[in-house]
Novice: 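There's a structure below that I have some questions on.
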Amino acid sequence: MPRIGFGLFENYDARRSTLHAFKAGYRLVDSAQIYGNEKQLGAAIHSSGLDRGELFIVTKCVSNTESYDATLKGIDESLENLQTSYIDLFLIHDPVAGKRRRLEIYKALLDCKATGKIRSVGVSNFNVKHIEEIKEAGYELPSINQIELHPFCQQKAIVEYCRANNIVIQAYCPILRGNLVHPAIIGVANKHVRDPAKILLRWSLQHGFVPLPKSVTPSRIQSNIDLYDFVLDADDMHALDVLDRGSKGAISWNPIDAE
C-alpha cells in the first residue's frame, strides 16, 4: 500500500486536483460517495494514462443511508462513476447508523469482495467496540480503519487495538486543515528547515500511519509528498506526541463514540 495518499475535497474540481496528484507521484486517492466527486475521479483515472494496477482507489458509503441492498446498488454506482471494474478499498464512512445496520452494510461489502468488485473492505471513524462487533459476528476484520489522527487527536486506544489486530490506520486531517501555528510544530519545522505540513506528515509516517493530506494547490500537492529526505528524531517526535488532547483535540466530525 502507498505510504501517503491524496484526499479529495467535497464539491471541488476533483479531476484537476487528482491529475496534479498523479503527476506529483501519488497513487492512493481517497474519495467517498457523499463527496459527489467519484465521476470526476473516474475521469482523472481514465485520462491519466496510468495503468489501473498502479493506483489504489478508495471510496466510502455513509451508514445511515444504507442497507444491504442499497449498499450493493451503491457499489455498482461507484464502479460506474469511477470507470473501473474494481475498487481497491471500500469503507463504511461512519458508525452512526447502529449495530444492526453496520453489520448489514459490512456483510454487503464482504460479499462484493468475494465477487471481485472490491479488493479490500474497511471502516472509517470506527471505535474499538464497533470493530469488536465485526469480530463477534464472525466476519473477517477490516483491513483499514480511517480515523482523524494528528498530534492533537492521537486516538491512542483505537490505534493500539488496530495494531494488535493488524488493521492499517489511515489518518485524515493529518495537517490540521492548514492550521499549523502551534509553537511546537513551528519549532520542529524551523529545526529541519521544512514547512510545518511536512513535519506533521513525517510524524504520521514515522508512527506507521497512512496520512491523507488534502490540497487543491499544485505546489502544495507536490510539497506534501516530498517527505523522504529528512527524518524526525526522538526529541522531535516527543515534542509532537505530548500535544495530544484526546477527543478535545479533534477538528472534524470524528463520530467514533456513536452507539
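Everything numeric in this text was worked out from a predicted model, so none of it was measured.
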Novice: Output all residues satisfying side chain to side chain donor-acceptor pair (under 3.5 Å) with Asn190, sequence neighbours left out; order by chain, then residue number.
Specialist: none
Novice: Please collect all ring pair (Phe, Tyr, Trp, His ring centres under 6.0 Å) contacts where either partner lies in residues 139-172, sequence neighbours excluded, each pair once.
Specialist: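 Output for this query lists Phe152-His182.
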Novice: Once ring pair (Phe, Tyr, Trp, His ring centres under 6.0 Å) is applied, what residue pairs with a partner in residues 97-137 remain, sequence neighbours excluded?
Specialist: Phe126-His130
Novice: Does Gln83 have any side chain to side chain donor-acceptor pair (under 3.5 Å) partners at least two apart in sequence or in another chain, and if so, which?
Specialist: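 Applying side chain to side chain donor-acceptor pair (under 3.5 Å) to Gln83 gives none.
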Novice: For Asp30, enumerate each residue passing the side chain to side chain donor-acceptor pair (under 3.5 Å) test, keeping only those at least two apart in sequence or located in another chain.
Specialist: Lys60, Gln146
Novice: Sequence neighbours left out, what passes side chain to side chain donor-acceptor pair (under 3.5 Å) with Ser47? Give chain and number order.
Specialist: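 Side chain to side chain donor-acceptor pair (under 3.5 Å) list for Ser47, sorted by chain: Arg15.
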Novice: Output a table of donor-acceptor pairs, distance under 3.5 Å, between side-chain atoms of residues 231-240 and any protein atom two or more places apart or on a different chain; print 'none' if there are none.
Specialist:
from: Asp233; atom 1: OD1; to: Lys191; atom 2: NZ; distance (Å): 3.4
from: Asp233; atom 1: OD1; to: Asp235; atom 2: N; distance (Å): 3.0
from: Asp233; atom 1: OD1; to: Asp236; atom 2: N; distance (Å): 2.8
from: Asp233; atom 1: OD2; to: Lys191; atom 2: NZ; distance (Å): 2.7
from: Asp236; atom 1: OD1; to: Lys191; atom 2: NZ; distance (Å): 2.9
from: Asp236; atom 1: OD2; to: His192; atom 2: NE2; distance (Å): 2.6
from: Asp236; atom 1: OD2; to: Asp233; atom 2: N; distance (Å): 2.9

Novice: Which residues end up grouped with Val242 if you chain together Ile, Leu, Val, Met, Phe, Trp and Tyr wherever their side-chain heavy atoms are less than 4.5 Å apart?
Specialist: none
Novice: Linking Ile, Leu, Val, Met, Phe, Trp and Tyr by side-chain heavy atoms under 4.5 Å, what else ends up with Val216?
Specialist: Phe9, Tyr12
Novice: With ILVMFWY side chains joined below 4.5 Å, transitively, what does Ile34's cluster contain besides itself?
Specialist: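 In the cluster with Ile34 are Tyr35, Val62.
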Novice: Please list, one pair per line, the donor and acceptor atoms closer than 3.5 Å that link side chains of residues 71-79 to other protein atoms, with sequence neighbours excluded.
Specialist:
from: Thr71; atom 1: OG1; to: Ser67; atom 2: O; distance (Å): 2.6
from: Asp76; atom 1: OD1; to: Lys117; atom 2: NZ; distance (Å): 2.8
from: Ser78; atom 1: OG; to: Gln33; atom 2: NE2; distance (Å): 3.0
from: Ser78; atom 1: OG; to: Glu38; atom 2: OE1; distance (Å): 3.1
from: Ser78; atom 1: OG; to: Glu38; atom 2: OE2; distance (Å): 2.9
from: Ser78; atom 1: OG; to: Gly74; atom 2: O; distance (Å): 3.2

Novice: Give a yes/no verdict on a cation-pi contact between Arg27 and Phe56, requiring under 6.0 Å between NZ or CZ and the six-membered ring centre and an angle within 45° of the axis.
Specialist: no
Novice: Quick one: ring-ring contact (aromatic ring centres under 6.0 Å, His included) partners of His207, sequence neighbours excluded?
Specialist: Trp203, Phe209
